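As the structure is a computational prediction, the values presented were derived from the model and not from experiment. The figures that follow rest on heavy atoms only: side chains count, while hydrogens, waters and symmetry mates do not.
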Amino acid sequence: MKGTVEVTDLFKGAFLLCMGGRLEQVRVRNNGRRIATFLITGKDLGRLDSDYRSGRALVNPVQLR
């Protein structure tokens, strides 16, 4: 099932993109400090997020770079 996730963690966003996610939008907020938010869509984002948080995430380092 296709889903959408919004992340501010650059490494998590890169992981999701390496695993087939698609970058839909980048938003920049300025609350005295600029913060970028990445809107990513794709399949299995819930499972991928769980893998990332639990330390089970594996990715090709060349692709991640």
Side-chain angles (χ1 to χ4, degrees):
M1 176 174 222
K2 189 172 180 178
T4 302
V5 66
E6 195 170 332
V7 298
T8 57
D9 180 336
L10 185 60
F11 294 104
K12 184 179 189 177
F15 167 69
L16 294 173
L17 294 176
C18 286
M19 299 305 292
R22 180 174 173 201
L23 181 62
E24 291 292 327
Q25 186 177 27
V26 177
R27 298 178 187 149
V28 178
R29 296 187 311 241
N30 191 350
N31 303 9
R33 186 175 123 185
R34 289 173 55 156
I35 299 174
T37 301
F38 306 96
L39 186 64
I40 298 173
T41 61
K43 293 175 91 175
D44 300 322
L45 292 177
R47 180 185 55 79
L48 292 170
D49 180 54
S50 176
D51 288 350
Y52 181 84
R53 287 184 287 115
S54 69
R56 292 187 312 255
L58 298 176
V59 69
N60 178 332
V62 174
Q63 188 181 17
L64 182 65
R65 184 181 67 139

Do [X] and [Y] belong together in a cluster built from hydrophobic side chains that touch within less than 4.5 Å?
X	Y	answer
Leu16	Val62	no
Leu39	Leu45	no
Phe11	Val26	yes
Val7	Tyr52	yes

Answer yes or no: is there a side-chain heavy-atom contact under 4.5 Å between Asp49 and Lys12? yes

Can you check whether Gln25 reaches Arg27 side chain to side chain, under 4.5 Å on heavy atoms?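 A side-chain contact exists here, since the closest heavy-atom pair is under 4.5 Å.
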
Of the non-hydrogen atoms in [X] and [Y], which two are nearest, and what is the gap between them?
X	Y	answer
Arg29	Thr37	NH1-OG1, 3.7 Å
Phe38	Leu23	CB-CD1, 4.1 Å
Phe15	Val59	CD1-CB, 4.2 Å
Leu48	Lys43	CD1-O, 3.9 Å

When you measure from the side chain of Asn30 to the backbone N and O of Gly32, does any donor-acceptor pair fall under 3.5 Å?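 Pair found, side chain donor or acceptor close to backbone of Gly32.
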
Step through the shown structure and confirm whether more than 12 heavy atoms of other residues, nucleotides or ligands are within 6.0 Å of CZ on Arg56.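 Yes, CZ of Arg56 has more than 12 neighbouring heavy atoms, counting only those of other groups under 6.0 Å.
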
Lys2 NZ to Asp44 CG distance, which is reported to the nearest 0.5 Å: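 Separation between the atoms: 12.5 Å.
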
Any chance you could measure Thr41, atom OG1, to Glu24, atom CD, to the nearest 0.5 Å? 3.5 Å

